[in-house]
Number of protein chains: 2
Amino acid sequence: MNALSADARLPRYQQLRDHLAEQIANNRWRPGDAIPPEAALASEFDLSVGTVRKAVDALVAEGVLERQQGRGTFIRRPQFQSSLFRFFRFEAATGERVVPQSRILSIEPLSAPAVVAQGLGIEPGAGVICIVRLRLLEAKPVLAEEIWLPGQLFQPLLEVDLNTQGPLLYPIYEALCGQLVASAEETLTAEAVDPTHGHLLQLPDACPVVVIERLARDYAGKPLEWRRSYGHAQHFRYRVDIR
Amino acid sequence: MNALSADARLPRYQQLRDHLAEQIANNRWRPGDAIPPEAALASEFDLSVGTVRKAVDALVAEGVLERQQGRGTFIRRPQFQSSLFRFFRFEAATGERVVPQSRILSIEPLSAPAVVAQGLGIEPGAGVICIVRLRLLEAKPVLAEEIWLPGQLFQPLLEVDLNTQGPLLYPIYEALCGQLVASAEETLTAEAVDPTHGHLLQLPDACPVVVIERLARDYAGKPLEWRRSYGHAQHFRYRVDIR
DNA sequence: GAGTGGTCTAGACCACTCA
DNA sequence: GAGTGGTCTAGACCACTCA
C-alpha cells in the first residue's frame, strides 16, 4: 500500500487523479500503454474501487485516458490532424475529406521575436527554430503556416529533409525529438490578408483570411510549439454547441 | 415506487437520466426550480442513491442541472449573453466588458425563405417574423443581426415596442411568448462584407466580417429562432482548448 | 477461465444551508 | 437540527476480451 502525498484536505479521488496525472506528465507510461487495473490501484492506495473509478473518470473526461471494457484503461494518443478539420473544410473534388499535402518552404534557426517568446514562455532572443510551410490541396495552396519551436529541444529537425517525412509534424516531433504534443490552445481571428501571405496563398489583395494561433504543450504543460496559420476564409467554417 | 418506462436494456442510471430530461423538456419544472432530492428519487424509482447520482451527474455535465451542496439540485437557466462574448471582444474605452445596446430597425411578418425554413425545420413560405437589429457600443454599430422566428409562437412580439424592452431578446421571448431558449448551435464563417451589411456597420467595401448563424432550441429540441449576425472581424477573437 | 472495466447496491459519515 | 448534496466503502454481479 502506498500513500497519496498530495494535500490531504482534498478528496481522495482528487488526490489519486492528481497523482496519476503527474505520472502521465512524467512519461511513466507512453500513449497506448495501459495504467494498472482499477483493483490494483485500489489495493495499492488503500481505496475502494468506487473511489478509484471516480479518479479515472475525471481523467477520461479530460481526454487523457481511454477505457476499453474488458481490456484496460489506456493513455490516449491525441489526434491532432482532426483539429484542422474542426476549423477548415478541406474536401477533394469528390467531396471526401483529405489531409492537405505539406510543402516545407524553409526551416532555420533564429532568435525568438517577442510574440513568439511570449507564446513559448522563453526569453526574447532565445534560440528557436522557424519553419514556414504551405498546405496544399490538389496542388492549390490552402493554408500558410509559420511554426516556431524552442531550439534546444528540436535540433534534430535541422538535420533531416522534412519534405520526405509525410504531411504531419507531430509524429515527426515524437520520432526525432522525443517530444509529445498532448494539448493545445488555439485562438481564432479574421482579417484582411497581408501581402506576404496573400502571395503565398495566391489570394487577391485584402482578401479575408482566418488566422489561427496555436500553442501546443506536452503532458506536463510545457510549451512545445507556437504556430500561426493563415487560411482563405472561404474554406473556413466552425460549429459550436452551446447550453 | 414508480417504474422507469424506457428501454430496459439500457442501464438504470441512463433510464433515469432520460426520464428526467423528458420531464424537463416538458416543463415540469422551470429554470431555478429544484428537482426532488436524491433520496426521494431513489425511493420513488427503487434505485440506490449512487445510481441516482450517476443520472444527475450526466445532466449536470450536459449543463441542464446545477447542484448546490446543502440546498438541492436546480434547473439551470442558460446564460446566453455570454455566448456573444465567446466570439466577440466588446470592450468599453475603460477596457470593461459591456453588453452592446440594441436598436431594432424593423420587425415584420414574412413568408419563410428557404434557408430560414430549413434552419427552423418548417415549410418554406410558412409564416415567420423577421427582426433586423443593430448592436451598438458607445453609439457605434458593432453587430448587425437578422432574426427569424416561427410566426405562430411569437405573435405577441408584433404588438409591443421592442426598443423599450432592454438589450436581450431571450428574456423577452420568455416573458411575452412563454418560449424558453435552452440550447443553441452556432456556425462561424468569415467573408468580405456585402453592401447592405457594410452600410449598416459603417464598414468600407469588402471589409472582412465574421458571420455567425445560430439555431436556438427549447428544452425539447424544438427550433425557436434562427439568427444570422455580422460583425467586424477586428472585434472577433475566439479561443479553444484541444486535447 | 482469468482478467478487465461497467453497473448497482445499501449503507456510513461529512460539509453545507437554512429556519 | 432537519434536510440537502459530497465522499467513500465493500462488496455483488454483468459484459467484454483474450489466450
Side-chain angles (χ1 to χ4, degrees), chain A residues 1-21 24 29 31-77, chain B residues 1-21 24 29 31-77:
Chain A
M1 162 192 161
N2 259 300
L4 290 170
S5 50
D7 189 338
R9 292 167 304 182
L10 291 175
R12 308 226 258 159
Y13 73 87
Q14 225 357 304
Q15 295 178 41
L16 178 57
R17 190 222 82 101
D18 293 347
H19 176 77
L20 291 172
I24 294 167
W29 305 286
D33 287 356
I35 63 169
E38 298 178 343
L41 290 171
S43 84
E44 181 180 359
F45 297 106
D46 199 26
L47 299 169
S48 78
V49 175
T51 301
V52 171
R53 283 186 68 77
K54 210 165 167 180
V56 172
D57 280 345
L59 290 167
V60 169
E62 291 169 47
V64 175
L65 295 178
E66 183 176 4
R67 292 193 143 104
Q68 293 186 35
Q69 187 177 1
R71 302 223 309 125
T73 299
F74 301 86
I75 310 292
R76 196 162 158 246
R77 177 178 297 279
Chain B
M1 161 191 162
N2 258 301
L4 290 170
S5 50
D7 189 338
R9 292 168 305 182
L10 291 174
R12 308 227 257 160
Y13 74 86
Q14 225 356 307
Q15 295 179 41
L16 178 57
R17 190 225 79 98
D18 294 346
H19 175 77
L20 291 172
I24 293 167
W29 305 285
D33 286 357
I35 64 170
E38 298 178 343
L41 291 171
S43 84
E44 180 180 1
F45 298 105
D46 198 27
L47 298 169
S48 78
V49 176
T51 301
V52 171
R53 284 186 68 77
K54 209 165 167 182
V56 172
D57 279 344
L59 291 167
V60 169
E62 291 169 47
V64 174
L65 295 178
E66 183 175 5
R67 293 193 142 105
Q68 292 185 35
Q69 186 176 2
R71 303 224 307 127
T73 300
F74 302 86
I75 311 292
R76 198 164 155 244
R77 176 178 297 280

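Each chain gets a letter, A, B and so on, in the order the sequences are listed, and its residues count up from 1.
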Out of D/dT7, D/dG5, D/dT9, minimum distance to the side chain of A/Ser48 belongs to D/dT9

Could you state the atom-to-atom distance from CZ of B/Phe74 to P of D/dT4 in whole Å? 10 Å

Phosphate-side-chain proximity, B/Thr73 and D/dG5, N/O vs OP1/OP2 below 4.0 Å: yes

Tell me: CG of A/Asp57 to P of C/dG5, nearest whole Å? 12 Å

Whole angstrom is fine here: how far is it from OH in A/Tyr13 over to P in D/dT7? 4 Å

Selected nucleotide, minimal atom distance to A/Lys54 side chain, candidates C/dT17, C/dA10, D/dT7: D/dT7

Taking atom C1' of D/dG6 as reference, at what distance in whole Å does atom CD of B/Glu38 sit? 9 Å

Expressed in angstrom and rounded to an integer, what is the separation of B/Arg12 atom CZ from C/dG6 atom P? 19 Å

Most 5' of A/Val49 and A/Gly70 on DNA chain C, judged by nearest nucleotide: A/Gly70

OP1 or OP2 of D/dG6 sitting under 4.0 Å from any side-chain N/O of B/Arg67? yes

Rounded distance in Å - CZ (B/Arg53) to C1' (C/dA10): 15 Å

Have a look at A/Ile75 and tell me which of A/Leu59, A/Ile35, A/Val64 forms a side-chain contact (heavy atoms from CB on, under 4.5 Å) with it. A/Ile35

How many whole angstroms separate atom CD of A/Gln69 from atom P of C/dG5? 10 Å

Earlier contact from the 5' end, DNA chain D, for A/Gln68 and A/Pro11: A/Pro11

Nucleotide forming a Watson-Crick or wobble pair with D/dG11, both distances under 3.5 Å: C/dC8

Should B/Thr51 be listed as having a side-chain N or O under 4.0 Å from OP1 or OP2 of C/dT9? yes

Can you name the nearest heavy-atom pair linking B/Arg12 to B/Leu47, along with the distance? NH1-CD2, 3.5 Å

Looking only at heavy atoms, the pair that brings B/Phe74 and B/Gly32 closest together is CD2-O, 3.3 Å

What is the separation between atom CZ on B/Arg71 and atom P on D/dG5, rounded to the nearest whole Å? 11 Å

For D/dT17, the Watson-Crick or wobble counterpart (both distances under 3.5 Å): C/dA2

Given DNA chain D, 5'-ward residue of the pair B/Ala39 and B/Gly50, judged by closest heavy atom: B/Ala39

Charged N to carboxylate O below 4.0 Å: is that the case for B/Arg67 and B/Asp57? yes

I'd like to know if the side chain of A/Arg76 and the backbone of A/Gly63 have a donor-acceptor N/O pair within less than 3.5 Å. yes

